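Chain letters run A, B, ... following the sequence lines, proteins first and then strands; every chain starts at 1. Here the structure is a predicted model, which is why all the values come from computation and not from measurement.
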Amino acid sequence: MSSSPVRTRFAPSPTGYLHIGGARTALYNWLYARQHKGTFVLRIEDTDRERSREEYLKDIVDSMGWLGLGWDEGPIRQTERIELYRSYVGRLEQAGHVYRCTCSPAELEERRRAAMKEGRPPKYDGRCRRRTDSPAGPYALRFKAPEAGVTEVQDLIRGTIRFPNEEIEDLIVLRSNGMPTYNLTVVVDDAENRITHVIRGEDHLNNTPKQIHLYRALGLDPPQFAHLPLILGEDRSRLSKRHGAVSVTAYREEGFLPEALLNFLARIGWSHGDEEIFTVADLLEKFTLKGVGKTSGVFNEQKLEWLNAHYTRQLSKDELRRRLMPFLVERLRASGGGSDLTIHDSPRTEVATPSDGISSGHSREAEVPRGESEPLVRGSRFTPDWWDRAMDAFRERAGTLKVMAEQMTFLFVESVTFDEKARGKFLRPEALPYLEQAVRSIEEAQPFETAPLEEAFKAICERAEIKMGQLAQPVRVALTGSSASPGIFDVIWLLGRDRTLEGLRKAIAEIRGEVAAG
RNA sequence: GUCCCCAUCGUCUAGCCUGGCCUAGGACACAGCCCUUUCAAGGCUGGAGCACGAGUUCAAAUCUCGUUGGGGACGCCA
């Protein structure tokens, strides 16, 4: 029926960091536009001057860039279009669709409360609509909404929804300070931008009939609507700051990959049979509004982590290293000094995404973080081959990049920090002879590679008639400080012969010291 | 309170539109086992759900109505 090209939009207000729910709305809009070879518009609804902040605008732009959700037009800032809205208000006024309301906010608040208390709908009572005199003083402009009848909303996800008009109040379209309000600007912009599909959160469902009235009064055709189910917190209420980390930025800083976040967000509220893994390319192919469900979903961080681990394993070694590096740098900086990695860049600039010109409105699709700073190294340990093997050794057990960096710390610091429980359990006098034999075989291992090392360790175990664990665990704790790590031979290889021997000797000396003391 | 939306394992969901193939499938999480030098990863197994009540029908998770429950909206916020 609609032959005009698809145009969708994402219209956040810059009153907070880009929210997880907003990101999903953006994703669906972006997917829908891309699938239909349409246009995706970014619009900034900043008419609330009190709460809007540049910092938040920047975060929204950055986060969308990081997620790879590029827009074709915008960002359109509503505060730059005030005259446009006023001209529409003028049209409304001319046609007699609005009237002056001099009721003060305080009065209105009072009446609202009273109405609710008496069980009446808390809508504006229309007293200024009916008055014939024209009182002085500040006034707001109210829209004359139809008083009877029913307004139907055709929702692409929910079908036909009927609202009795008597429930709908005369909304304010122009504040007494001359600023237009949301319900007006949204209608004007969606019409001006020729938006064909408004895909937004279900929290806007009740606004839709009001907006339809405005479209009609203005003689405009409403777009199609699709109201998405909300994303809920653990307590099943709408996800908000109360639930902890809810911004895209927060997850980015925790070391989640945009691939994982996108996949996760797509799957909450939408499904495609039994499938769970969706790359952006998959989503582009498979996403449909019909696949969007009606029930709100709880944000389940464990599943996000599972997806993140999945994508971490999928990344190429180079790419993984590139993305990990800022976390490693941050981690080593935090652990303070004594590291083999020379730090000369910060994480934020490292993972830098297209956060340049917020005014350059051009498509920025899934850009890969660039501008990495190769760590400078002392000695020659950190060869490309070394990094490749390090990535393979650690990627299997990391939920997030941040955790992965933490787990790799021992590779770079002068002396490891022991997990007390692990030390107490494995760095004991009984282990002394095995550690000493390990030192000898590592000294002799030729070439210094995992296979010969493994042979040597096996030989020790056979001679001493012990299990590999009895040898490997003390060695592991001595070298990594922890009882959990990648395979011990990989650990030894990554550490290098000298550092391995140094670590083992330190541990041996420490155990001996304790024996002597105790 | 009023209006609107929603209702399948703890969580995300398939199935519902176009009733029988459903003894309700998958995934995350959880438990056990296997693999194993630890931790993961991987493999196998297991527990776990159609909110309730009427009705329609030979047959209902699927259709209808009601109840209950949850959520959202009720701003000179967006």
Got a sec, which residues hit ring pair (Phe, Tyr, Trp, His ring centres under 6.0 Å) with [X], two or more places apart in sequence or on another chain?
X: F256(A); result: Y251(A)
X: Y434(A); result: none
X: F457(A); result: F489(A)
X: F278(A); result: W270(A)

Contact letters for nucleotides 32-37 of chain B, in which S counts primed atoms plus P, OP1 and OP2 and B counts the base, heavy atoms under 4.0 Å: -----B
Show every ring-ring contact (aromatic ring centres under 6.0 Å, His included) that has at least one partner inside residues 153-184 of chain A, sequence neighbours left out.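 Those involving residues 153-184 of chain A are Y182(A)-H204(A).
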Please list, pair by pair, any protein nitrogen or oxygen found under 3.5 Å from a nitrogen or oxygen in nucleotides 62-65 of chain B.
none

Partner residues of [X] under the side chain to side chain donor-acceptor pair (under 3.5 Å) criterion, sequence neighbours left out:
X: Q407(A); result: none
X: N206(A); result: none
X: E55(A); result: Y17(A), R53(A)

What pairs of nitrogen or oxygen atoms, one from the protein and one from nucleotides 69-72 of chain B, lie under 3.5 Å apart?
from	atom 1	to	atom 2	distance (Å)
rG72(B)	OP1	R238(A)	N	3.1
rG72(B)	N2	N206(A)	OD1	3.4
rG72(B)	N2	N206(A)	ND2	3.2

Below 4.0 angstrom, which residues in residues 261-273 of chain A have at least one non-hydrogen atom near RNA chain B?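 Result for residues 261-273 of chain A: R267(A), I268(A), G269(A), S271(A), G273(A), sorted by number.
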